[in-house]
Structure formats: C-alpha cells, structure tokens
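So you know, we letter chains A, B, ... as the sequences are listed, proteins then strands, and number each from 1.
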Amino acid sequence: MIKLNNITKVYRTKTIETTALNDIDLHVPKGEFLSIMGPSGCGKSTLLNIIGLLDEPSGGTIRVDGQEVIKYASKATAKFRNEKLGFIFQSFHLIPDLNVIDNVELPLLYRNVSRKDRKEMAAIALESVGLANRKSHFPSQLSGGQKQRVAIARAIVGNPAIILADEPTGNLDSVMGDEVMEILTKLNKEEGTTIVMVTHDERMAKKTDRLIRLYDGSQVA
Amino acid sequence: MLSNYLKLAWRLLSRRKFFTFISLFGISFTLGILMVALAFLQSELGTNTPLSNKDDFVYVEQLRLQRTYFDTITIIDTLFESGVEVFDTTYEFKESGSGATQTEMSNNIVDTYLTGMESAADMTMFNASNYHDVYVEGVKVSLNMLMSDERYWSVFDHKLTEGRVFDKAEVESASNVIVISTETAQNYFGREENVVDEEMFIDGKTFKVIGLYPHKGKILPFVSPDAVSPFTTMDLSLIDNFYFGPFEVMYIAKEGATDKLKSEINHAGTLVPIDHPDNEYDFKEAVFRPTTYDEMYAAGVLNVSNDEAEKSLSTMKMILLGLFLFFTILPTLNLINLNVSRIMDRSSEIGVRKAFGAHQGNIITQFIVENIVQTILGGLIGFGIAWILISIINQGGYLGDSVLLFSTKFFIYSFIITLIFGVLSGFLPAYRMSRLQIVNALKENKL
C-alpha cells in the first residue's frame, strides 16, 4: 500500500546538518497494525509524517498504490490525504472554534459530500467512539480521552484505508489510553484499516501486529 | 463548505472579542469616513436629480473677445570692442501682450450662434445672477431668481413636489409665473407645501406660483436656484449689446458626443463677427469656452479659470485618487498586519485542515470568507457611522448649503469598497499562510 525506499531526512541550517532519518526502507501492507518505537528524537514522528505525506523527504522515494509521490503541495496529494489517510495526533489538534460534530466532519468538507450526508457520517463516526451525546460540545468542554475519541472519529469519518496515529495515548492516563487502543484495534480487526502508530508505550506497542524500532534515525529492529 | 466557513467566521468574531473590537473599530471608521467622502462626491458630482443628465452636459458660461498685441521691441545691448563701450541696438516686432473681455452672452449671440448644434440633444439658456431682496411682513428674504426658458426643465430634471413648470407659450407671452424651491416656500410662505396659486411680489411685479421643487442646496446657482421664471419677464430692452448680456447656456450632448459638441461650439466662436461697433476695443477673436460639468466643477474646486477646466479635472481626479489610496491603503496594510498575526495564531488549524485534505485554494478561500464577513460587519457599522456623520453634517450645515445624499448608488459603491477592503486585507495573509508546510504548521500546536 505504502512503500518507502531509502528515505532520508536531513535538517539543514547555515551551520549544522542533522540527519533525522537515514535510509529507511519500509513497506506497509494493507490491513497491518504497525507500531514504531524509539527514544525521543529518533525520527519516529518524522517517519510518520513522511508516510502521511505531511513532510517531504530529503531523499528516497515514496510509492502509494504503486505511484510515486512527487509534488507534495499539489491538489492530487491533498486529495489522496483526504481520501486515503486519517490522522490522530498526540495533542488531538481539534479546532476550538468548531463543536464536536463540525470537527468530525472536517475531512468531508473537502469532498463533494452534501451537508446532510456530512452530518450523518459524522454522527455515525461519533457513535462508533461512544460520543454520540457530545455532538454540540466544544473541545474545551471535553476530557482528554473524549478529545482523543473525537479525533479518532474525525480520522475515520471518511473511511480512510490508512490511519496514522502519532502517540495517540501519549497525553492520556492508562484507562483512557486503553480505551483508545481498544477502538483502534477494533477498527483494524473489523474494518481492515491499516494503522501505523508511533508510541513510547511498550504495552500499547505489544497490542499491534508488528513493531519497528528506530534509533538515531535508523531502523534497528 | 461555505456555510461552514461562515459559521466559523461568526464564531471567531464572537470568541476573540478584543481582536474583533480592534479590527471592527479600524474597518468601520475607515469605511465610515470613506462613505461620507463618497456621499459628498455623489452629492456634488453624482447624477442625481436635477443633474441626471450631467454626464452629457456641456456648459458655455461666457463669450470672450480677445486680441494679442504686437509691438516693436527695442533691445539695447552694451558691448565692449577694443576696450571701447559701444551700443548694439536691435528691433524686434513681436507679441507684447494680450487683452480680453468676457461676459455672459446676449440673447442674440445665443440665438444666432449657439442654437441648433448638431450634437446637442437639448439646450437651455438662463440668467443665473438675478438676486432680489423681497420683503415678507417687513423681513428681508434674499432670492436668487433664475430667468430661463421652458427647456430649463428638461435639461435640469427637478422633481416637482407639487404644481407644474412653465411652458413655451408662457415664455413667449412673458407670463408672470414662477416655480420655487421648498426653501423659498418656507422663507416666503412659512410652509413647504400647498403654495401653488399663491402670489409673490418681486421687484415690483406679482408672480403666480405654479410649481414647487425640493431644495437641493446651492450646488451651483443655476442648478438649484431659489426660484425660476420665464426670462421674457425681464426687461430685455435694457440688453442692447450685440455680444454681451446676462445669458449662459447649458447643453445636453447626444450620447457620447460631448467632445464633438465642444468642437462645434468652438467652431461657432469663429463665426461670431468681430467687426460690429460693439467691439469697442477692436478685439480680433471671439471664443466660447465650452466645458463639461465635471470640468467646470473641478475648475471651481481648484479655483482656476475655465481656461484650465480640462486640466483641472485631471488634477482633481489625481488628488481624489491619491486621497482614496491614502485612506484605503494605510488601513488595509494595518488590517493585513492584524490578519497575519490572527492567522499565524491559527497555523496549527491550517496544518490540520491540510492534513485532512484541504489544498491551498481551500485555505485561501476560508480566510478570505472570514475576512469578508468581518469587513461586511465593519461595513455595516461604518454605514451606521456614515449615516450619523452625514446627518450631523447636514443638520449642522457644516458644508454650507451642500446636502450630503444617501442613495442606492452610494450604498452599492460603499459595498464594493467594503468587499475590496475585505478581499485585499484577507488575501495576502491567507496566501502566505496557505503556503505553510503542514509539519511546521502542526508544530505550532496552539489548538
């Protein structure tokens, strides 16, 4: 589904050059729940961003469904992100000025979906994460766990084939973290959604199909 | 999607109250002042009654008789030749000066040389400088009484509030009828209605009021006089000069033919004979100097003679454009600056939107919609401010007799200014922010 070949990412300033990723080869097949672990600053999030086409690699190629991604700022890439990818962030990234249902329907705004269908699809997504009764609440009125569940609803509302989750349980206590993991696992098993998750938590990583480890920008396991 | 943007724009306005206040304050005051300026221009230069035809107006105020004087000029140079002072005297025959006389025109000049122009759709002649003091129960009322023909009413389309205007027969029979302004009615009769068939005693004659038109302020004496009556009621036997008299002429040119009409009028000047005994000072040339209404207005504003009317119109346009740019660019730059900081504050939102499929165009549209909502709101407040200012200016009479007008055009122009303001001040920051790398935008993490 997504194939990374010799991916490198180098951050350059006038005086210093930092290699964040070094020759990463990765193949994420359809339906896999992959977790990426490693110490802080090892390049986990950078790799996830590159998989999600949110960041451009310094070298190497990315193939999505057999096609090489060249223009990252193009409409086609935006369309691909919209239709094929869903993102879950550690700090939720909900828009504070929008209520829960408007936050959830966000990806559908960029598709040709009628207002009525958007509301229906968002309501179904919210129901699947157990927040059907919080539609009109604003993010500031929700707990951390609830915010992350809203973020999951937003990620799945457009039925993407791949979910990319950057430490989705990082800001949550263990109970809420387990709840979020349960939703993700169910999504993977029942819907066949491919999930790539960055985590610090060994316990969470063990619940996934495959674990890769990064160290100083290189894959070590 | 648009409804979503509108909803978000509204929520942003109500959530970020301080920012909203600062922005709206700037927008509404700037737009308010611009709207007042527009109302002023509209009332002075707009095509409202009685000036609906003004874009096709060509005005001939006076006839000018002129000549250039030539003389022998003696020039004496002092030279030194071999140390001896010598005088070198030369004589040149050249222009030594010019002279002219100019005054409003006689009935004869208007009839013979200024009537029947091919490019004129209509014309009227009038005596605009007819001031009378009339007394109402011992109190003096000054009256600027315009003496004209029946075509005055088709050239200047006053909308009568009651009665009628005088016709050709009444002009020809020198009927003592008069059409007056509401202000005159108020001053003379103490009321602004039901004055038709009343009588006015002016300069030893009794005039019957036959019509009433709204007072428009003294835009120009012939545009909004205090009263109008047939010119034949004047004692025309007193006007016995071949060239000069009390009359000015206003034409309505056929559509798009103002320049052609001006040429025809200029040509007519060359046909005026200069060998008439009334040309006492042997002037060599007769010249009409036709101007359009806007040229005449600009010359009046810039206080230059009608000779420079064409030039003064372009000068006035430049000045107005400069002022417009000054009063719009500065606040626009300020708004852009405010918007950059406001949008910067929302960079992680931009990151999220892009991550979920928004492309550059979506982001730009969203921020421009937000900005337009904000500027329209500011525009509405500005409209209120303008309305209050205009009412204060009109009631206080701070612009003399000029009355600032609200009109549909005024509203449309103001709305266009508001939209331009909104798009301009929103586009640049939106464009800049829409180019943000998603990863960098998300790192801001202000959500």
Just wondering, more than 12 heavy atoms not from [X] lying within 6.0 Å of its [atom1]?
| X | atom1 | value |
| --- | --- | --- |
| Leu321(B) | CG | yes |
| Tyr11(A) | OH | yes |
| Lys135(A) | NZ | no |
| Gln141(A) | CD | yes |
| Phe29(B) | CZ | no |
| Lys84(A) | NZ | no |

Residue part contacting chain B, namely of [X], when any heavy atom lies under 4.5 Å:
| X | result |
| --- | --- |
| Leu106(A) | side chain |
| Phe80(A) | neither |
| Glu83(A) | neither |
| Asn112(A) | neither |
| Asn49(A) | side chain |

- Task: Apply the side chain to side chain contact (heavy atoms under 4.5 Å, CB included) test between Tyr110(A) and each candidate in Arg353(B), Lys354(B), His359(B); give the one that qualifies.
- Result: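 In the set Arg353(B), Lys354(B), His359(B), the residue that makes a side chain to side chain contact (heavy atoms under 4.5 Å, CB included) with Tyr110(A) is Arg353(B).
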
- Message: Within this structure, what is the OG1-CD1 distance for the pair Thr77(A) and Ile438(B), rounded to the nearest 0.5 Å?
- Response: 9.0 Å

- Nearest-0.5 Å distance, CD of residue Glu349(B) to NE2 of residue His93(A): 11.5 Å

- Note on the structure: Closest non-hydrogen atoms of Ala358(B) and Ala78(A), given as atom of the first, atom of the second and distance, are O-CB, 4.1 Å

- Closest-packed option against chain B by number of heavy-atom pairs under 4.5 Å, given Asp102(A), Thr46(A), Leu85(A), Asp97(A):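 Of Asp102(A), Thr46(A), Leu85(A), Asp97(A), Asp97(A) has the most heavy-atom pairs under 4.5 Å with chain B.
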
- Any Arg154(A) side-chain heavy atom under 4.5 Å of Phe356(B) side chain: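 A side-chain contact under 4.5 Å exists here.
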
- Item | Side chain Asp55(A), main chain Val439(B), donor-acceptor under 3.5 Å | no

